[in-house]
Every structure is written in structure tokens, then in C-alpha cells.
Amino acid sequence: MNQKHYLITGATAGIGLATAKKLAASGHRLTITGRDTQRLHSAATEIALLGDGDVIPQMCDFGDLSQITTMAKALHSDGITFDGLVLNAGIFLPQPFSDLTEANVDQTMAVNFKGPLFTLNTLLPCLKHPASVVFVSSLVVRKAFEGAAVYSASKAAFEAAARVLNLELATKGIRINSIRPGVTATEIQRKAGMNEEQIAGLMDAMKGTPLGRVLAPEEMGEAIAYLLSDASAGMRDAYLDIDGGHAL
Ligand SMILES: NC(=O)c1ccc[n+]([C@@H]2O[C@H](COP(=O)([O-])OP(=O)(O)OC[C@H]3O[C@@H](n4cnc5c(N)ncnc54)[C@H](OP(=O)(O)O)[C@@H]3O)[C@@H](O)[C@H]2O)c1
């Protein structure tokens with residue numbers, strides 16, 4: 001097996017954690033990030049049990065550019081290099097357009113757009129040639145959901161940047177592809193302010209999609225592992241819609 005070293009942002013929960021477990025179980029080295037020390041170290045321990053134990057935890061709040069820069073400098077000075085990045089950390093703060101606030105736009109764009117953009121930018125010296133970058137986008141880029149205007153724009157903004165970067169970074173051997181998850185059962189619904197009843201209603205509504213159920217974070221991990229791997233070496237600026245047919 002060809003062991004690789006990947007960095008996954010936001011690996012303390014949901015899609016990031018499931019992806020880290022999948023990659024660790026496949027024998028890869030991992031650097032994982034989190035913004036809460038306790039959650040980060042408990043995730044690292046859980047992930048390490050599945051692989052060869054080589055999981056490096058890194059604290060970083062992606063809403064804070066200085067923390068991204070500090071993390072990248074530390075990784076570079078430690079001589080760490082990556083075969084790929086999973087730009088996964090993200091937030092969903094739904095808000096009706098009539099209640100739009102500057103704080104919502106600033107926070108969403110900081111974490112979902114500036115975060116992955118500067119993570120990739122500051123980690124360029126740590127990326128091997130070749131390297132695969134996977135962005136965790138969303139179904140919202142294709143399908144409209146009320147209250148999700150800012151969130152949708154934040155995901156579309158990074159996709160647009162990635163299209164250009166696939167050209168600009170080509171000589172460095174860097175390629176960028178995205179997955180667009182549909183409704184996936186993670187903590188994000190609770191963090192978005194939904195109560196238990198609303199979450200149950202959302203999960204139930206997924207019975208109406210062609211797949212007939214909500215998606216699981218592990219299903220995203222499988223697709224991310226493929227985009228990181230040499231099996232997808234010919235792909236640039238691809239978007240894997242893993243939404244159970246919800247956008248149809
Ligand atoms: N679940 C869905 O239905 C769905 C659908 C489409 C796209 N997505 C996208 O999938 C990605 C992962 O979401 P998820 O559903 O797995 O959500 P999740 O369970 O809430 O996990 C999000 C991860 O990102 C981290 N994170 C959030 N804000 C951060 C910040 N400012 N700095 C550093 N880390 C931060 C979280 O850390 P904490 O543990 O500290 O919160 C957590 O590790 C996101 O980009 C989301 O937009 C999700």
C-alpha cells in the first residue's frame with residue numbers, strides 16, 4: 001500500500017471525522033485540525049485507533065487568518081509535507097434574507113471562503129508534487145434552499161476560485177476537485193439552530209428524494225478518498241454531486 005499524508009480541516013465531527021477514519025483505516029498518515037482542544041484530542045485518539053497511530057492534531061480556527069498562517073508556518077518549519085488537503089471545515093448559519101446581517105455574511109465568508117482559500121495559499125510550501133485538494137462544497141450551489149443565500153454564495157465563491165487555481169497551480173502539480181453533499185446527518189443541523197423536532201422533520205423529508213433517506217458522513221468519506229487518490233489523477237475542477245438525487 002502506498003501510504004500518503006493528508007491534512008483534513010474540521011475533523012472533530014461529521015464529514016471530516018468520517019473521512020479521517022476512512023483514510024486512517026486505509027493506512028494513511030493524517031494531520032487533523034479542530035478549534036476546540038478537547039474535541040480535537042479525543043478525535044485524534046479515536047482516529048489513531050483505526051490506523052497505524054500516526055495522527056497529528058493541529059488547533060486552528062479557520063475564521064481567524066492569523067491562526068491559519070501560524071499553523072501553516074509551524075507545519076512548514078517542522079518539514080511536514082502533504083499529498084493532499086481536505087478543505088472541509090465549514091459552518092451553516094441560515095437566515096432569511098429580510099433579516100440579513102453583516103455579521104452573518106462576515107462569519108460565513110470567513111470560515112467557508114476565506115478559510116479554505118488561505119489554508120490552501122499558506123500551505124503551498126507544504127504540498128508535494130503532485131498533490132490533490134478536495135473542497136467540501138454543497139448541494140446548495142445547484143439547488144436553492146430558503147434562508148441559505150449567504151451560505152450558498154460562500155460555497156460557490158470557493159468553487160469559482162478553485163476553477164482558476166486549477167490553472168494557476170497546475171505547474172506545481174496541484175489539482176482541486178469538490179464534492180457537493182446533499183443533506184447529511186451531522187452536527188451541522190443542530191449548530192444551525194434547528195431543534196430536535198425540526199431535525200427529525202428534515203430527516204423525514206429526505207424519504208422524498210430518489211435515494212429515499214438522509215445521507216451519512218461515511219458516504220462523503222468514500223468520495224473524498226477517491227478524489228485524493230491517484231485513481232482520480234486525471235480529474236480537475238470536477239464536482240461530485242452526492243445528494244441522493246435531491247437536486248433532480
Ligand atoms: N451536513 C450536511 O448536510 C452538509 C451538506 C453539504 C455540505 N456540508 C459541508 O460539509 C462540511 C462539513 O460539515 P459537517 O456536516 O460535517 O458539519 P459538522 O459536523 O458541524 O463538522 C464541521 C467541522 O468543521 C469544524 N469547524 C467549524 N467551524 C470551524 C472554524 N471556524 N474553525 C475550525 N473548524 C471549524 C467543526 O469543528 P467543531 O467540532 O469545533 O464544531 C467540525 O470539525 C462543511 O463545509 C459543510 O458546509 C454539509
Side-chain angles (χ1 to χ4, degrees), residues 7-22 30-44 46-47 57-71 85-94 106-119 134-143 145 147-148 150-159 162 178-194 198-199 202-203 205-206 209 211 213-221 223-224 239-244 246-247:
L7 180 140
I8 306 170
T9 70
T12 53
I15 294 170
L17 179 60
T19 303
K21 287 180 174 175
K22 155 91 189 151
L30 296 176
T31 295
I32 63 161
T33 80
R35 58 178 166 169
D36 176 277
T37 317
Q38 205 182 331
R39 277 168 73 83
L40 177 62
H41 287 279
S42 98
E46 201 180 330
I47 296 160
Q58 277 287 329
M59 280 291 285
C60 186
D61 185 329
F62 289 96
D64 180 349
L65 181 52
S66 68
Q67 290 194 32
I68 297 175
T69 308
T70 303
M71 177 187 75
L85 307 178
V86 183
L87 302 173
N88 165 74
I91 51 171
F92 176 42
L93 307 173
D106 289 348
Q107 207 183 339
T108 303
M109 293 306 281
V111 178
N112 292 0
F113 174 60
K114 271 175 72 179
L117 195 72
F118 280 99
T119 301
V134 182
F135 174 57
V136 181
S137 182
S138 172
L139 158 70
V140 300
V141 175
R142 285 183 74 200
K143 182 177 168 62
F145 289 87
V150 177
Y151 177 71
S152 307
S154 71
K155 294 295 187 182
F158 188 86
E159 285 194 10
S178 301
I179 65 158
R180 289 175 176 164
V183 177
T184 307
T186 69
E187 296 177 2
I188 206 166
Q189 290 86 21
R190 183 179 48 76
K191 290 172 183 167
M194 295 173 76
Q198 289 168 322
I199 293 172
L202 176 68
M203 302 301 147
M206 292 308 106
T209 64
L211 179 66
R213 61 165 172 81
V214 72
L215 290 145
E218 290 73 20
E219 294 175 284
M220 306 306 148
I224 292 169
Y239 306 91
L240 298 189
D241 295 304
I242 311 168
D243 60 7
H246 196 166

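Whatever order the structure lists them in is the order used to number ligands and atoms, beginning at 1.
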Worksheet item: In chain order, what residues pass the salt bridge (Lys or Arg N to Asp or Glu O under 4.0 Å) check against E46, with sequence neighbours excluded?
Response: K21

Fill in: Residue shell around ligand 1, heavy atom under 4.0 angstrom
G10, A11, T12, A13, G14, I15, R35, R39, C60, D61, F62, G63, N88, A89, G90, I91, V111, V136, S137, S138, Y151, K155, P181, G182, V183, T184, T186, E187, I188, Q189, K191

Fill in: F113 to S154 - nearest heavy-atom pair and separation
CB-O, 4.0 Å

Fill in: Partners meeting salt bridge (Lys or Arg N to Asp or Glu O under 4.0 Å) with D61 (sequence neighbours left out)
none

Item to complete: Say whether, by atom type as modelled, one donor and one acceptor occur between the side chain of T9 and the main chain of N88 under 3.5 angstrom.
Response: yes

Worksheet item: What pairs with K143 under salt bridge (Lys or Arg N to Asp or Glu O under 4.0 Å), at least two apart in sequence or on another chain?
Response: none

Worksheet item: Of all heavy-atom pairs between A13 and R39, which one has the smallest distance, and what is that distance?
Response: CB-NH2, 3.5 Å

